[in-house]
Amino acid sequence: MPTVSAIDTPSIAGDKVMKVAIVHDWLVIYGGAERVLEHIIDLYPQADLFSLIDFVSEDQRHFLRGKKPTTSFLQKIPGARQHYRKLLPLMPLAIEQLDLSAYDLIISSHYSVAKGVLTGPNQTHVCYCHSPMRYAWDHYHEYLREMNLERGLKSWFARWQLHRIRGWDIQSANGVDQFIANSQFVAKRIAKFYRRESTVISPPVDTELFGLETRRENYYVCAGRFVPFKRIDLVAQAFAQMPDKQLILIGDGPEMDKIKAKASPNCTFTGFLPPDKVRDHLSKARAFIFPSEEDFGIVPVEAQACGTPVIAYGRGGALETVIPWTGQDSGTAPTGLFFDEQTAQSLMQAVLQFETIEDQLDAVKICAHAQTFSVAAFKSGFAQTVRAAPGTRDIRSPRKVRLLPLKLDYPW
């Protein structure tokens, strides 16, 4: 597929260049959503960037391509840098205060409230949806448990706020002309919660940075933010019961102490590592462990780009990025295997099974599978979808947005 670095910006009435705005939820770290944002900016280098807050450190700002984002009033709230997630009740209001009235094309990079920017009938809004906000929808009860908000006055306040946000979330979806989902899993959630169809375009993975490595060392690796839903704790717990196997855990976060308490001496904690160090660990591991249910999951694809097999929890985006070993000839080369339950015992069984079939997994074929998620594939698909979005070619044309039947009579 040809490399797409930047696209020709559509014009209005054949002469005026279309003004483009890119909206991202918040800018704090260089994570998975920010990798996608980086390549969207590459496609639209002339675009202006907006975000609720911008606290990205100087050593990570490369992905912004020199842009200084316009932020909301949340940027000036004392303590926002450390406690921005606690400002969730204010985020719908804050995102609506960003003035985008001067722009013709708005691209939102959304996993919380970014799609809620206000747009008019002569503007086109394309939303790349990493996920509908998990904590307000299907992870609602899990979120309350993890935040110790199951009982008491704080619990009822949190439930009331999330109830209001769900209504706003549905209503703000009406302002989107074209949804793009990062996986079939997310597309189903968009259809479920917003009653909208979407085009699926997988996130870009810099597969060219992860060269094929056929030489393996005797360790397993798991990487990610140490937060509850990543379930890195069950990986530490599982390997504590397999003291003859070596595990490297890459990352950091609020769950670090809890995870260390469950780990044994055969587990090595590295903290956050630069990309080249992560790549080195991924390329030489026997397998990459992916224990969470995620909307897509970029790191498993990066591991496969090195030829490294993946042992993944068989839910969510992993079902779309990992080809499981089944013991039968399906005509497609397997790239790993799944475990069925999000428990240490189920993961242990998967690791033991992996070691019996490890020789049947071809590193060259695993690497080839990862190339289907390349940056070039993302940029080409994204640019084509934006060009075809309602009103992009002629910003004054009538909208033709197909809605799925909405059966909810939701108060907002």
Chemist: So, Lys284 and Asp280, do they make that salt bridge, N to O below 4.0 Å?
Modeler: yes

Chemist: Taking Gly120's backbone N and O only, do any of them form a donor-acceptor pair with His125's side chain (distance below 3.5 Å, no angle check)?
Modeler: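 No, because the side chain of His125 does not come within donor-acceptor range (under 3.5 Å) of the backbone of Gly120.
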
Chemist: Could you go through the side-chain contact (heavy atoms from CB on, under 4.5 Å) check for Glu38 and Glu34 one step at a time?
Modeler: CA-CA 6 Å; Glu38 177 179 14; Glu34 288 68 38; over 6 Å; no

Chemist: Could Asp295 and Arg189 be called an ion pair, given the rule that one side-chain N must be under 4.0 Å from one carboxylate O?
Modeler: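 Between Arg189 and Asp295 there is a salt bridge, with a charged N closer than 4.0 Å to a carboxylate O.
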
Chemist: Counting only N and O atoms by type, is there a donor-acceptor contact under 3.5 Å from the side chain of Asp48 to the main-chain atoms of Ala21?
Modeler: no

Chemist: Within this structure, what is the CD1-CH2 distance for the pair Ile311 and Trp325, rounded to the nearest 0.5 Å?
Modeler: 12.5 Å

Chemist: Between Tyr140 and Tyr135, does the ring centroid distance fall short of 6.0 Å?
Modeler: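 No, too far apart.
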
Chemist: Between Val375 and Asp42, is any pair of side-chain heavy atoms under 4.5 Å apart?
Modeler: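 Heavy-atom side-chain distance check fails, nothing below 4.5 Å.
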
Chemist: Below 4.0 angstrom, N of the basic side chain to O of the carboxylate: do Lys67 and Asp54 qualify?
Modeler: no

Chemist: Using a 3.5 Å distance criterion without hydrogens, assess whether the side chain of Thr124 forms a donor-acceptor pair with backbone atoms of Pro390.
Modeler: yes

Chemist: Does a side-chain N-to-carboxylate-O contact under 4.0 Å join Glu255 and Lys230?
Modeler: no

Chemist: Using the side chain to side chain contact (heavy atoms under 4.5 Å, CB included) definition, which of the options Asp99, Ile95, Leu100 pairs with Phe50?
Modeler: Leu100

Chemist: Out of curiosity, Thr119 OG1 to Asp104 CG, how far, rounded to the nearest 0.5 Å?
Modeler: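 CG of Asp104 is found 12.0 Å from OG1 of Thr119.
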
Chemist: May I ask you to check whether Tyr194 and Phe179 place their ring centers less than 6.0 Å from one another?
Modeler: yes

Chemist: Could you check if a side-chain atom of Leu88 sits within less than 4.5 angstrom of a side-chain atom of Ser112, using non-hydrogen atoms only?
Modeler: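 Yes, at least one pair of side-chain atoms sits under 4.5 Å.
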
Chemist: Would you call Phe239 and Cys267 a side-chain contact if the rule is heavy atoms closer than 4.5 Å?
Modeler: no

Chemist: Would you mind reporting whether Leu37 and Leu49 have side-chain heavy atoms less than 4.5 Å apart?
Modeler: yes

Chemist: Supply the atom-to-atom distance Lys245 NZ to Leu352 CG, rounded to the nearest 0.5 angstrom.
Modeler: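 So the NZ of Lys245 and the CG of Leu352 are separated by 5.5 Å.
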
Chemist: Side chains of Arg216 and Thr308: closer than 4.5 Å at any heavy-atom pair?
Modeler: yes

Chemist: Going from CG on Leu234 to CD1 on Ile289, what distance comes out if it is rounded to the nearest 0.5 angstrom?
Modeler: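 Leu234 atom CG to Ile289 atom CD1 measures 10.0 Å (nearest 0.5 Å).
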
Chemist: Between Tyr313 and Arg231, is there a cation-pi geometry (under 6.0 Å to ring centre, at most 45° from the normal)?
Modeler: no

Chemist: Can you tell me if Arg35 uses its side chain to pair, donor with acceptor, with the backbone of Pro204 under 3.5 Å?
Modeler: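 Answer holds: no.
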
Chemist: Which residues pass the ring-ring contact (aromatic ring centres under 6.0 Å, His included) test with Phe210, sequence neighbours left out?
Modeler: none

Chemist: Measuring only between side-chain heavy atoms, which start at C-beta, is Leu98 closer than 4.5 Å to Ser51?
Modeler: no

Chemist: When you check the side-chain N and O atoms of Glu294 and Ser292, is any donor under 3.5 Å from an acceptor?
Modeler: yes

Chemist: Do the ring planes of Phe157 and Trp160 sit parallel (below 30°), tilted (30 to 60°) or perpendicular (above 60°)?
Modeler: tilted

Chemist: Measure the CG-CZ distance between Leu247 and Phe269 for me, rounded to the nearest 0.5 Å.
Modeler: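 Leu247 atom CG to Phe269 atom CZ measures 8.0 Å (nearest 0.5 Å).
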
Chemist: side-chain contact (heavy atoms from CB on, under 4.5 Å) between Leu282 and Arg279: does it pass, once the steps are laid out?
Modeler: CA-CA 5 Å; Leu282 286 178; Arg279 182 166 62 248; 5.7 Å; no

Chemist: Hey, does the side chain of Thr335 reach the backbone of Ile323 with a donor-acceptor pair shorter than 3.5 angstrom?
Modeler: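 Checking the backbone N and O of Ile323 against the side chain of Thr335, a donor-acceptor pair under 3.5 Å is found.
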
Chemist: Between Glu320 (side chain only) and Phe185 (backbone N and O only), is there a donor and an acceptor less than 3.5 Å apart?
Modeler: yes

Chemist: Mind checking whether Phe354 and Tyr220 have parallel, tilted or perpendicular rings, split at 30° and 60°?
Modeler: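 Judged by the thresholds at 30° and 60°, the geometry between Phe354 and Tyr220 is perpendicular.
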
Chemist: Test Trp26 against Met91 for side-chain contact (heavy atoms from CB on, under 4.5 Å), laying out the working first.
Modeler: CA-CA 10 Å; Trp26 50 73; Met91 288 182 181; 3.5 Å; yes

Chemist: Below 4.0 angstrom, N of the basic side chain to O of the carboxylate: do Glu142 and Arg134 qualify?
Modeler: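 Salt bridge absent between Glu142 and Arg134.
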
